[in-house]
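The structure appears right after this line, and notes come after that.
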Amino acid sequence: MANYETILTEKRAEGVAVLTINRPDKLNALNSTVHVEGVAAIDKWRKDEAVRVLIITGAGEKSFIAGADIGEFAGQTPISQRSNFYERTLFNSLDTFPKPVIAMINGFCLGGGCELALACDIRTASEKARFGQPEINLGIIPGGGGTQRLTRLIGEGKAMEMILTGDMIDAQTAFGLGLVNHVFAPGELEAKTLELASKIAEKSPIALQMAKEAVKLASRSNLDEGLRREIDLFAVCFSTEDKEEGVAAFLEKRKPVFKGR
Ligand code: COA
């Protein structure tokens, strides 16, 4: 796989790619190189049939991602910072990635790190993980989707408190809020997350894509539009060999083998 300066990419299990943000000495803070390299890696995986599920994590024991690289804020003008975030960031690249993405949160998950996790589809966390949107302590607000995605995920009152106080919460509290799907012992996080990813990677890639798109519509459209588009996406699945295989396998009492066709 390609050589990058700030990320590691690998295929860990059948159908599962792992993207590791690799700046452990800076707690994996997101600088502009991470965005450029991360977007490039994700672009390669968009059309790579061997990749069915993506896991994102942070290097080292301590941190998933401790936010945007604060050093890069110095010297930014409103216009340059605005265009940085409008252009292709990891946040919007993940948002349009058609395959399931799991954030495997191994430590600090702060600011842009929490926003990146929110742009993923499923979040697993170590018991040691800490979550927060501390931007308010820098005199700014979240700009990578935090005010919108966090609010949709955990509700306005809880999101408001996290964003207005900047306080950190622990993994069990995040689980209670629905911010993470699972909390695992630190030594089990990787194996359990890979198990979950592998289970998803066995499904029809086309059905996964349609399912992801349909579920995301729930927070992005009104109910009537969402229900209508769900039927269209459901109907698309009826054009696939995978649907024939899934139905035949059920009737023949065997495990289906989905090819993504
Ligand atoms: N941007 C740039 N560098 C960061 C960073 C960030 N968001 N978060 C951590 N780092 C760097 C530190 O500057 C330090 O670098 P140095 O060794 O060259 O001085 C290194 O990572 C280790 O961090 P340190 O603060 O020494 O670790 P800690 O265990 O004492 O504290 C945190 C951990 C996460 C509480 C603390 O680093 C922190 O508050 N980070 C900023 C979080 C934040 O506000 N994120 C939102 C940004 S919008």
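Residues take their numbers from the sequence shown, with the count starting at 1.
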(request) Identify the residue among E49, E241, E244 that makes a salt bridge (charged side-chain N to carboxylate O under 4.0 Å, His left out) with R261. (result)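 Of the listed residues E49, E241, E244, the salt bridge (charged side-chain N to carboxylate O under 4.0 Å, His left out) partner of R261 is E49.
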
Please report the interatomic distance [atom1]([X]) to [atom2]([Y]), rounded to the nearest 0.5 Å.
{"X": "M210", "Y": "T240", "atom1": "CE", "atom2": "OG1", "answer": "9.0 Å"}
{"X": "Y4", "Y": "I21", "atom1": "OH", "atom2": "CD1", "answer": "11.5 Å"}
{"X": "L94", "Y": "L19", "atom1": "CG", "atom2": "CG", "answer": "8.0 Å"}
{"X": "I136", "Y": "M162", "atom1": "CD1", "atom2": "CE", "answer": "13.0 Å"}
{"X": "S93", "Y": "E87", "atom1": "OG", "atom2": "CD", "answer": "13.5 Å"}
{"X": "S219", "Y": "R149", "atom1": "OG", "atom2": "CZ", "answer": "9.0 Å"}

Are [Y] and [X] connected in a single hydrophobic cluster, I mean Ile/Leu/Val/Met/Phe/Trp/Tyr linked by side-chain heavy atoms less than 4.5 Å apart?
{"X": "L116", "Y": "I7", "answer": "yes"}
{"X": "V16", "Y": "I56", "answer": "no"}
{"X": "V180", "Y": "M104", "answer": "no"}
{"X": "L217", "Y": "F97", "answer": "no"}
{"X": "I206", "Y": "L233", "answer": "yes"}

Check [X] against [Y] and note the closest heavy-atom contact, atom names and distance.
{"X": "A171", "Y": "V183", "answer": "O-CG2, 3.7 Å"}
{"X": "K203", "Y": "F258", "answer": "C-CD1, 3.6 Å"}
{"X": "V34", "Y": "A29", "answer": "CG2-O, 4.0 Å"}
{"X": "D242", "Y": "S204", "answer": "OD2-OG, 2.7 Å"}
{"X": "R52", "Y": "P100", "answer": "O-CD, 3.4 Å"}
{"X": "L30", "Y": "I65", "answer": "CG-CG2, 3.6 Å"}

For the side chain of [X] and the backbone of [Y], is there at least one donor-acceptor N/O pair under 3.5 Å apart?
{"X": "E115", "Y": "G145", "result": "yes"}
{"X": "K99", "Y": "L54", "result": "no"}
{"X": "N22", "Y": "L8", "result": "no"}
{"X": "E72", "Y": "A68", "result": "no"}
{"X": "Q209", "Y": "P98", "result": "no"}

In this structure, are over 12 heavy atoms from other groups packed under 6.0 Å from [X] atom [atom1]?
{"X": "F175", "atom1": "CZ", "result": "no"}
{"X": "R82", "atom1": "CZ", "result": "no"}
{"X": "E156", "atom1": "CD", "result": "no"}
{"X": "F73", "atom1": "CZ", "result": "yes"}
{"X": "K243", "atom1": "NZ", "result": "yes"}
{"X": "L251", "atom1": "CG", "result": "yes"}
{"X": "E161", "atom1": "CD", "result": "no"}
{"X": "K216", "atom1": "NZ", "result": "yes"}

Salt bridge or not for [X] and [Y], using N-O below 4.0 Å?
{"X": "E213", "Y": "R229", "answer": "yes"}
{"X": "R12", "Y": "E190", "answer": "yes"}
{"X": "K128", "Y": "D170", "answer": "no"}
{"X": "K62", "Y": "D25", "answer": "no"}
{"X": "R220", "Y": "E225", "answer": "no"}
{"X": "K212", "Y": "D121", "answer": "yes"}

(request) Could you walk me through whether D167 and R130 pass salt bridge (Lys or Arg N to Asp or Glu O under 4.0 Å), step by step? (result) CA-CA 10 Å; D167 286 349; R130 295 286 177 278; over 6 Å; no

(request) Could you go through the side-chain contact (heavy atoms from CB on, under 4.5 Å) check for M168 and T173 one step at a time? (result) CA-CA 10 Å; M168 285 191 223; T173 307; over 6 Å; no

Do [X] and [Y] have a side chain donor and acceptor closer than 3.5 Å?
{"X": "S198", "Y": "E14", "result": "no"}
{"X": "N106", "Y": "T57", "result": "yes"}
{"X": "T6", "Y": "E37", "result": "yes"}

Quick one: does [X]'s side chain get under 4.5 Å of [Y]'s, heavy atoms only?
{"X": "V53", "Y": "E202", "result": "no"}
{"X": "R228", "Y": "S221", "result": "no"}
{"X": "I105", "Y": "F131", "result": "yes"}
{"X": "L150", "Y": "Q133", "result": "yes"}
{"X": "L196", "Y": "I122", "result": "yes"}
{"X": "V236", "Y": "D232", "result": "no"}
{"X": "D43", "Y": "R88", "result": "yes"}
{"X": "L179", "Y": "I169", "result": "yes"}

(request) Decide yes or no on side-chain contact (heavy atoms from CB on, under 4.5 Å) for I141 and I163, but give the supporting numbers first. (result) CA-CA 8 Å; I141 70 168; I163 290 167; 5.5 Å; no

(message) Would E245 and V257 count as a side-chain contact (heavy atoms from CB on, under 4.5 Å) here? Give the steps.
(response) CA-CA 7 Å; E245 167 65 5; V257 180; 4.0 Å; yes

(message) With side chain to side chain contact (heavy atoms under 4.5 Å, CB included) as the test, pick out the partner of R123 among L153, T193, I102.
(response)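 Going through L153, T193, I102 one by one, the side chain to side chain contact (heavy atoms under 4.5 Å, CB included) with R123 is satisfied by L153 alone.
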
(message) Using 30° and 60° as the class boundaries, would you call the ring planes of F234 and F238 parallel, tilted or perpendicular?
(response) perpendicular

(request) Could you tell me if the ring centre of F91 sits under 6.0 Å from that of H35? (result)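 F91 vs H35: aromatic centres under 6.0 Å.
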
(request) Dump the intermediate steps for side-chain contact (heavy atoms from CB on, under 4.5 Å) on F64 and L110, then the final yes or no. (result) CA-CA 8 Å; F64 171 65; L110 304 174; over 6 Å; no

(request) Going by the side chain to side chain donor-acceptor pair (under 3.5 Å) test, name the single residue among T33, N28, D69 that passes it with R23. (result) D69

